[in-house]
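Atoms within a ligand are numbered from 1 in the order they appear, just like the ligands themselves. Model, not experiment: these values are computed from the prediction. Residue indices begin at 1 and follow the sequence shown.
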Amino acid sequence: MSSWRDTTCGVLTVEDAGKRLTVAGWADTRRDHGGLVFVDLRDYSGKVQLVINPERAPEAAAVAHEIRNEFVLQAEGEVTLRAPDAVNPNIPTGEIEVQVDKLTILSRSEPLPFQVGEENVDEVLRLRYRYLDMRGERMQRNLRLNHTVINAIRREMDELGFVDVWTPSMTKGTPEGARDFLVPVRLQPGRFYALAQSPQLFKQLTMVGGLDRYYQIATCWRDEDLRADRQFEFRQLDLEMSFVDRDDVLDVLERAVVAAFEAVEREPPPRPFPRMSYAEAMARYGSDRPDLRFGLEIHDGTEVTRDSQFGVFAGAPAVRYLVAPRAFSRAELARLEEVAKEWGAKGLAYIVHDESGEARSPITKFLSEAELAAFAAEPGSTVLFAAGDEQLVARVLGGLRTHLGRELDLAETGEEVFHWVIDFPLFERDEDTGNWTFLHHPFTAPVPGDDDKVEADPGGALSQHYDLIWNGWELGSGSIRIHRAELQEAVFRTMGIAPEEQEAKFGFLLEALKLGAPPHGGFAMGIDRFVARMAGEPDLRQVIAFPKVSSGDDPLTGAPTPMPDGVLKELGIRTIVDPESSAGT
Ligand code: ASP
């Protein structure tokens, strides 16, 4: 295998009994039985038991006494069968061991901050010593899974005729809805590149360039608050195709997902993935990325409550409700009310149908026979209401639904549900400014027939934007793009971007669209998100080799750090904050 070892540790079996060989790896554990010393030697492939017998190898025995956890060792010896009562059925190499003749310490380790494979280690400590953490099974498994998935996707893309094109990281701001990370430029002090939030415009330009099918496992940078499913830098399967419709793009993504499942030998989700319009997703689930592993659908009670004696219902543009499969206690309802308030509700009206079938609620006395009949439910359930404008009601019930899905374990069905959300609105109102803004990005095309609405009725225009959802996680988004400059300019106008600003920010794109741009569309799927789901991990950090924590710190290197004044001066930068006082963890 190499001059250091003949084999890896985890692959040895009874078949190898009698062979003389050399293995190398880390001392996982060492047990001194007063005379015999046992060392579990570990590498990425698994562990094998070394036996050091002072009668057989006195020199090796002397070395063995020095060994501590995580020393790097090389051992030469003979593979032998273990005595029947020493067989360990829990590990693949449990029937054999290596009787050591020569033992060499290749590298020593000081006492460890935590043991490799130890559970419940503080995450910042794990990240500070990521290379130790990585020696354990969890990170080995996750990083290798990452590799397998990306490999499978690359193979699939190659087979489908996609060309891997590298696009710049240092560029101009790309409007993907986040803040940019900026890179100062020494040669032009006072000027900055933005790190690409995505290769969006470059990939569109490869289509104008006649490349036909572009893809990249692209690193993207977005300055957003870090959460379980967000890192400052992350990777996307980024693709773009010419002369295609929405269904062609969705087909490619489905193939990539299936290829990844097959590569890890898991049953792929059945194709085609179901589709749902944005309007339906919002009305039935209160979310544009609903978890469809469970029902708990939203029902509409607006009509029946029009003349309600309960003023909150009567005056609300929309009254909707969920029927949760449980008769909640007062304390549980108080907690649910807090959840509803987090999503913007003022309170939470409810009717508890207890096990005996009796309705418990402060509002029933205001409700008519017809209302009570409409809100009747099985014994052992609770009707939870939201009243207000449609968006608020959807948001509150969507938030409650997701919360209940988790709390009541409704989602733990073992089923994997992939689906598409399509037909998003093209624009929405910016909550702060009241201006029209994009839902996806401003390069998304309206659905055929809605071009005129871009300026005449922006709120009524539907877009050719689509999202891919897995068990309630948004895996990615894409769209058919605008390929005519006039339409692109109209979208910018609706968003209140004046011609001078259009020119300054997107002049290069508008120009390209005037020089023979083919119809095109594409997609980007978050690879780390996808792999985290595949690995059954709760957050992206568990599948990324060197992630950052929520403060933005990298516990391993200590980045970000202040820069000496001389360096900043050269870049034409003066800081106005004390870097020490702005430090994270
Ligand atoms: N650039 C988009 C994003 O990063 C994806 C796309 O529209 O292709 O979400």
Backbone or side-chain N or O of Asp238 under 3.5 Å from ligand 1 N or O: no
For the residue pair His520 and His483, does the interplanar ring angle fall in the parallel (under 30°), tilted (30 to 60°) or perpendicular (over 60°) class? perpendicular
Counting each atom of ligand 1 from 1 as listed, which ones have a heavy atom of Gly478 under 4.0 Å away? 6 (C), 7 (O)
Answer yes when Glu240 and Arg481 have at least one side-chain N-carboxylate O distance shorter than 4.0 Å, and no when they do not. yes
Closest to atom 4 (O) of ligand 1 among protein heavy atoms sits Arg222 NH2, 2.9 Å
What are the atoms of ligand 1, with element, lying closer than 4.0 Å to any heavy atom of Lys203? 6 (C), 8 (O)
Under the 3.5 angstrom rule, does the side chain of Glu428 hit a backbone N or O of Thr437 as a donor-acceptor pair? no
Report yes if some heavy atom in the side chain of Pro274 is under 4.5 Å from a heavy atom in the side chain of Trp420; otherwise report no. no
With Tyr285, which of Glu280, Arg401, Glu297 fulfils side-chain hydrogen bond (donor to acceptor under 3.5 Å, both in side chains)? Glu297
Establish, for the pair Arg289 and Trp473, whether the NZ or CZ atom is under 6.0 angstrom from the six-membered ring centre and no further than 45 degrees off its axis. no
Ser198 versus ligand 1: do any nitrogen or oxygen atoms come within less than 3.5 Å of each other? yes
Gln200 heavy atoms within 4.0 Å reach ligand 1 at atoms 1 (N), 2 (C), 5 (C), 6 (C), 7 (O), 8 (O)
Charged N-O contact under 4.0 Å between Arg154 and Asp164: yes
Any idea which protein heavy atom is nearest atom 3 (C) of ligand 1, and the distance to it? Glu176 OE1, 3.4 Å
Ligand 1 atoms in contact with Phe523 (distance to a heavy atom under 4.0 Å): 8 (O)
To which of Arg481, Glu240, His465 does the heavy atom nearest atom 7 (O) of ligand 1 belong? Arg481
